[in-house]
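Just so it is clear: chains get the letters A, B, ... in the order the sequence lines come, proteins before strands, and each one is counted from 1. Source: prediction; values computed, not measured.
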Amino acid sequence: MPHDPDPPPAKKFKPGSVFFRLEKNKPGMLLPRKGNNNVTTPIDVQRKRLPIYQAKPQLVYQLRQLNNAIVIGETGSGKTTQIPQYLYECGTGRQGIIAITQPRRVAAISLAGRVAEERRTQLGKLVGYTVRFEDVTSSETKLKFMTDGMLLREAIGDPLLLRYTVVVLDEAHERTVHTDVLFGVVKTAQRRRREINKVPLKVIVMSATMDVDLFSEYFNKSPVLYLEGRQHPIQIYYTKQPQPDYLQGALVSVFQIHQEAPPSHDILVFMTGQEEIEALARTCRDIAKHLPDGCGPMVVIPLYASLPPAQQLRVFHPAPKGHRKVILATNIAETSVTISGIKYVIDTGMVKAKRFNPDSGLEVLAVQRVSKAQAWQRAGRAGREDSGFCYPSLCFTKCVGSEHVLFIPEAVRAAVEQLELLGAVEKKEEQVLLTSLGKKMANFPLEPRYAKTILLSPDYSCCEEILSIVSLLSVDSVLYNPPARRDEVHAARRKFTSSEGDHMTLLSIYRAFKKVSGNKEWCRENFVNSRNMSLVKEVQAQLREICLKLNMKLESCGADTGKVRRCLAHGMFINTAELQPDGTYLALDTHQTVAIHPSSVLFQSKPAYVIFNELLHTSRCYMRDLCLVDPDWLLDTASEYFVRKLHLTKS
DNA sequence: GAGCACTGC
């Protein structure tokens with residue numbers, strides 16, 4: 001699957017168009033654009049042809065002076081690859097490292113590769129990258145591309161970020177909890193370093209959209225530098241009223257365009273999920289069969305993550321001559337997959353996403369409105385090679401204004417509460433402080449409860465097993481479940497199924513996998529995803545390294561799997577569910593009624609107490625990945641908590 | 001007897 005190494009596209013801001021939002025009195029400047037790029041030209045010529053090159057002297061002059069700057073640049077302006085190099089070339093920040101953060105791993109890796117190529121150096125020397133479970137840097141590295149989560153992790157150990165002289169926060173419009181927290185971290189580090197006379201920290205925020213007032217405000221009203229890129233203009237057609245039925249709206253738009261536009265103009269429709277996409281695909285194909293003369297045929301292609309790769313590739317094949325290609329996609333087409341030739345984007349304005357529900361304290365998977373940044377991102381998928389059109393079902397103003405949400409207070413409070421329960425933090429005079437256990441936990445690039453469970457495992461002489469289980473749960477599923485071969489899958493899996501639950505079943509599959517040394521044929525016969533399984537081995541090796549560094553005892557409990565379950569119960573006690581007289585389960589922490597997910601090996605049985613990995617709120621609230629536990633273990637390890645919870649249950 | 005948007009540490 002080709003990935004888009006470029007930052008997300010921005011829009012061509014035409015004066016007078018709906019996208020134009022450059023106020024006259026706003027601080028900032030418009031930097032010139034010029035040039036054309038061609039992959040066959042030498043790399044330094046390519047660099048000089050980038051639009052940003054024309055602005056280099058001004059840009060360098062500004063960036064050298066400023067402690068904070070906001071850079072707005074469109075896709076193809078070259079800001080992400082060039083600005084770090086310009087800073088390096090002019091000697092800014094030579095005392096330390098220039099960090100460039102990205103929201104996605106692939107972006108960090110491919111950008112580092114590109115910049116290393118431009119500097120004619122081997123990746124990992126002057127230019128490197130750091131993402132989870134992969135660190136391609138050395139003592140020579142001065143330009144470091146990394147995921148924002150990775151920088152955040154480093155900030156735990158070094159809040160002043162002293163290794164760095166410049167931090168470039170790229171893709172700032174793609175707001176996540178990570179980027180939001182990073183904003184606070186770099187601002188504090190900058191101020192603290194000034195106060196104690198350390199080397200100053202330069203912070204550059206880069207964004208593809210013009211909604212940067214908040215960024216500028218947050219960083220002491222820092223100047224905004226505008227770069228022009230090569231994006232083609234996109235015309236936005238608003239509906240007069242927001243469509244109440246977004247699917248109906250999308251359907252009408254598809255056929256309206258189909259009747260009016262030349263057949264070579266492809267359409268991309270953004271929708272929320274598999275079921276919805278397949279249903280609309282059927283409807284479109286039906287209607288297309290009964291169109292009046294003069295209306296050409298259409299090819300409807302679904303695109304979502306769980307489609308097999310071969311079917312995903314269909315979106316790249318050109319439609320037969322005279323046919324219009326209509327792609328119905330999830331947000332996979334926003335950033336992960338770039339399709340050329342899209343002239344029209346129809347945006348339902350909706351997305352399926354995890355949302356924090358403050359009432360239950362849980363994350364719920366639900367259909368919701370897209371953020372403004374997301375709507376812009378979607379519109380930008382039209383007009384990548386030529387001018388394009390976008391038909392949003394919702395006015396942009398109706399989108400969720402992500403710019404107002406710097407932190408989600410409830411989510412932060414819930415997270416702190418969890419950390420408190422795990423003993424990772426304690427509150428002292430209104431302050432939340434990391435305990436020594438919390439500091440140990442921070443060594444692991446894992447969710448806190450997994451880190452805690454690993455740290456507990458030597459007490460149960462089962463560190464090896466816990467490392468295996470945590471690794472298995474940290475990668476994409478190692479189980480391959482083709483629906484068409486359900487009976488075969490069931491038969492093959494039966495020999496590994498453990499009555500103790502899903503964790504133990506996964507462990508026995510992993511043990512069998514190691515026994516045959518990862519034999520591919522064995523994987524195929526047993527419906528095991530060999531790539532993900534190999535990844536489990538790598539992850540486990542890295543986690544083992546961290547354990548050794550912490551002087552932990554790496555023992556195996558062999559066949560005594562009760563020890564493993566005790567350890568899991570101790571580490572994951574917050575996720576306990578209790579069987580009720582009516583046959584349902586009650587999640588003890590949140591007092592929610594929950595059920596065993598049908599994919600669990602415990603689906604047919606009704607154990608009195610289980611711990612679970614996650615809750616999935618769909619038609620019901622399901623527990624996934626369960627482990628059978630003994631209530632006495634729970635009372636032993638967190639008695640105060642359980643006495644309180646069980647008391648609440650009974651009353 | 002159900003179903004899985006996408007990232008990230």
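- Separating the CG atom of A:L182 from the P atom of B:dC9 is a distance of 12 Å, rounded to the nearest angstrom.
- Of the side-chain N and O atoms in A:R105, one or more sit less than 4.0 angstrom from OP1 or OP2 of B:dC9.
- Mapped onto DNA chain B by nearest heavy atom, A:P598 and A:V351 fall at different nucleotides, with A:P598 at the one closer to the 5' end.
- Computed from coordinates, the A:L543 CG to B:dC9 C1' distance equals 11 Å when rounded to whole Å.
- The number of heavy atoms from other shown groups lying within 6.0 Å of NZ (A:K549) does not exceed 12.
- OP1 and OP2 of B:dG3 both lie 4.0 Å or more from every side-chain N or O belonging to A:S599.
- Atom CE of A:M441 and atom P of B:dC9 are 18 Å apart (whole Å).
- Look at CG on A:L479: it is 14 Å from C1' on B:dC4, rounded to the nearest Å.
- For A:R104, the listed nucleotide lying nearest its side chain is B:dT7; candidates were B:dA5, B:dT7, B:dG1.
- The aromatic rings of A:Y622 and A:H597 lie perpendicular to each other, with more than 60° between the two planes, well past the 30° mark.
- Atom CE of A:M150 is separated from atom P of B:dT7 by 19 Å (rounded to the nearest Å).
- Relative to the side chain of A:T147, the nucleotides B:dC9, B:dA5, B:dG3 differ in distance, and B:dC9 lies closest.
- Atom-to-atom, CG of A:L151 to P of B:dG8 comes out at 16 Å; the value is rounded to the nearest Å.
- In this structure, the CG atom of A:L615 is 17 Å from the P atom of B:dA2, given to the nearest Å.
- Using a 4.0 Å cut-off between charged side-chain N and carboxylate O, A:K352 and A:E276 make no salt bridge.
- For A:N331, counting side-chain heavy atoms from C-beta on, the closest listed nucleotide (B:dA2, B:dA5, B:dC9) is B:dA5.
- In this entry the distance linking CG of A:D148 with P of B:dT7 reads 14 Å, nearest Å.
- Surrounding NZ of A:K187 are more than 12 heavy atoms belonging to other residues, nucleotides or ligands, all under 6.0 Å away.
- Within the nucleic acid shown, A:Y622 comes within 4.0 Å of sugar-phosphate atoms alone, with no base atom in reach, counting heavy atoms only.
- Taking the six-membered ring for Trp, A:F612 and A:Y585 have ring centres at least 6.0 Å apart.
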